[in-house]
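To start, the structure under review is shown below, and the notes come after it.
By convention in this document, chain letters (A, B, ...) are assigned in the order of the sequence lines, proteins followed by strands, and residues within each chain are numbered from 1.
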Amino acid sequence: MRFGILVNEGPYTHQASDTAYRFAVAAIESGHEVFRVFFYHDGVNNGTRLSVPPRDDRNMQMLWSDLAAKQGVDLVICVAAAQRRGILDANEAKRHGKDGDNIAPGFRISGLGQLMEAAIEADRLVTFGD
Amino acid sequence: MAEGIKKKLLYVNRKAPYGTIYALEGLEVVLVGAAFEQDVSVAFLDDGVFQLLDGQDTADIGVKNFSRAYKALGDFEVRKVYVERESLAERGLDSADLMQITYEDENDDGAEKPLVRLIDRRELAHIMSEQDVILSF
Amino acid sequence: MSTLHIVNKSPFERNALASCIGHLGNDDAVLLIEDAVVAARDGSTVAPLIREALTNGPVYVLAADLAARAIKREGVIAGMKLIDYRGFVELAAQHARTQSWL
């Protein structure tokens, strides 16, 4: 079965990102496909490579980036939500005259159409939020 | 995208506007998503009914008043907008407190008709049970 | 096919669980995750809500979230089912849709 996953909260403040990550791993281990993980609202904050969490705790960004690298999961950050919250890739930084970008490996920035596509094309969409 | 897939898609709004961004960014999904021509329904229940109240004035909180954007739902071809009757009553509200939101009925010479339908909890539960996808904000 | 309703907030903090249970369809399942697992303890003032959901369909709770919050399996309301993340995935697959009561 093809799963789409929607993550509506950033890491650490809420458990949503942790639960979504564990759901994604369990789905893959069970032989399902994770078609896409879409990050919306504060969920876009999962995709900054500039976070430096304590070493004795999990690093959510790295967990997601590893999932993309090892399992080929498509991690998409909503561009409108990302602009509000300062998550930028090189193109976005240049376009808005910012002095740097911060997107983490494995994540890409795109539009809400990617969420709609996940809702339409996945067999199930599961939402994790506040 | 695979051609011709049409899913029943319900947006569930349960939060008041302004205290959090969910109402605004939820509405953005509805408006952007309209281009995908799915079978869309939008429901307002619990504190979500406050999103549709007439007379929102955000001047003194410094946050953009986006309530007028709900009036565009009809222009975006959204035809199923539901407000839960019990949620209004629990909050001491009734339909007279809601914004007038209309659509132009293409089957009736473009006549302006009310877009919002008041439904009771059992009917909303039934609508939820008929969907392919439910997005909650 | 029925719905898997996912609740992640404590009923002592928000109305998500009550609203969810007020909108259940026949045979719909409820899954408690994250802070919602506090509702799984028997003897609390919200236990009647869970019992109401149990008369309609199954009620599941994510065991990992119970353990994290020191809620013992023995203290969980009779009739509720404990699952792991793989069980969560299978429930999502077996139901026609999921609804997260955010």
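- Crowding of A:M62 atom CE: a count of heavy atoms from other residues, nucleotides or ligands under 6.0 Å not exceeding 12.
- Annotation: side chain of C:N8 is not in contact with side chain of A:F128 (no heavy-atom distance under 4.5 Å).
- Both the backbone and the side chain of C:L102 have a heavy atom closer than 4.5 Å to some heavy atom of chain A.
- Using a 4.5 Å cut-off between heavy atoms, A:N8 contacts chain C through its side chain alone, with no backbone atom that close.
- The candidate from C:D35, C:I6, C:D65, C:L4 with the greatest count of non-hydrogen atom pairs under 4.5 Å with chain A is C:D65.
- Residue contact with chain C, scored on non-hydrogen atoms closer than 4.5 Å, involves the backbone of A:L125 exclusively.
- Of the two parts of C:R86, the backbone and the side chain both hold a non-hydrogen atom closer than 4.5 Å to a non-hydrogen atom of chain A.
- Two residues are said to be in side-chain contact when any heavy atoms from C-beta on lie closer than 4.5 Å; C:V89 and A:F3 meet this criterion.
- No more than 12 heavy atoms of other residues, nucleotides or ligands sit less than 6.0 Å from atom CZ of C:R73.
- A:R124 touches chain C through its side chain: at least one heavy atom from C-beta onward sits under 4.5 Å away, while N, CA, C and O do not.
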For C:T98 and A:T127: C-alpha separation, side-chain torsions, deciding distance, then whether side chain to side chain contact (heavy atoms under 4.5 Å, CB included) applies. CA-CA 8 Å; C:T98 68; A:T127 303; 5.9 Å; no
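- Counting non-hydrogen atoms of other residues, nucleotides and ligands closer than 6.0 Å to CZ of C:R51 gives a total above 12.
- Residue C:A64: no heavy atom, backbone or side chain, is found under 4.5 Å from chain A.
- The existence of a salt bridge linking C:R14 and A:D130 is confirmed by a sub-4.0 Å separation between a basic side-chain nitrogen and an acidic carboxylate oxygen.
- The aromatic ring centres of C:F88 and A:F23 sit less than 6.0 Å apart.
- Taking 4.5 Å as the limit, some side-chain heavy atom of A:H32 sits within range of a side-chain heavy atom of C:E90.
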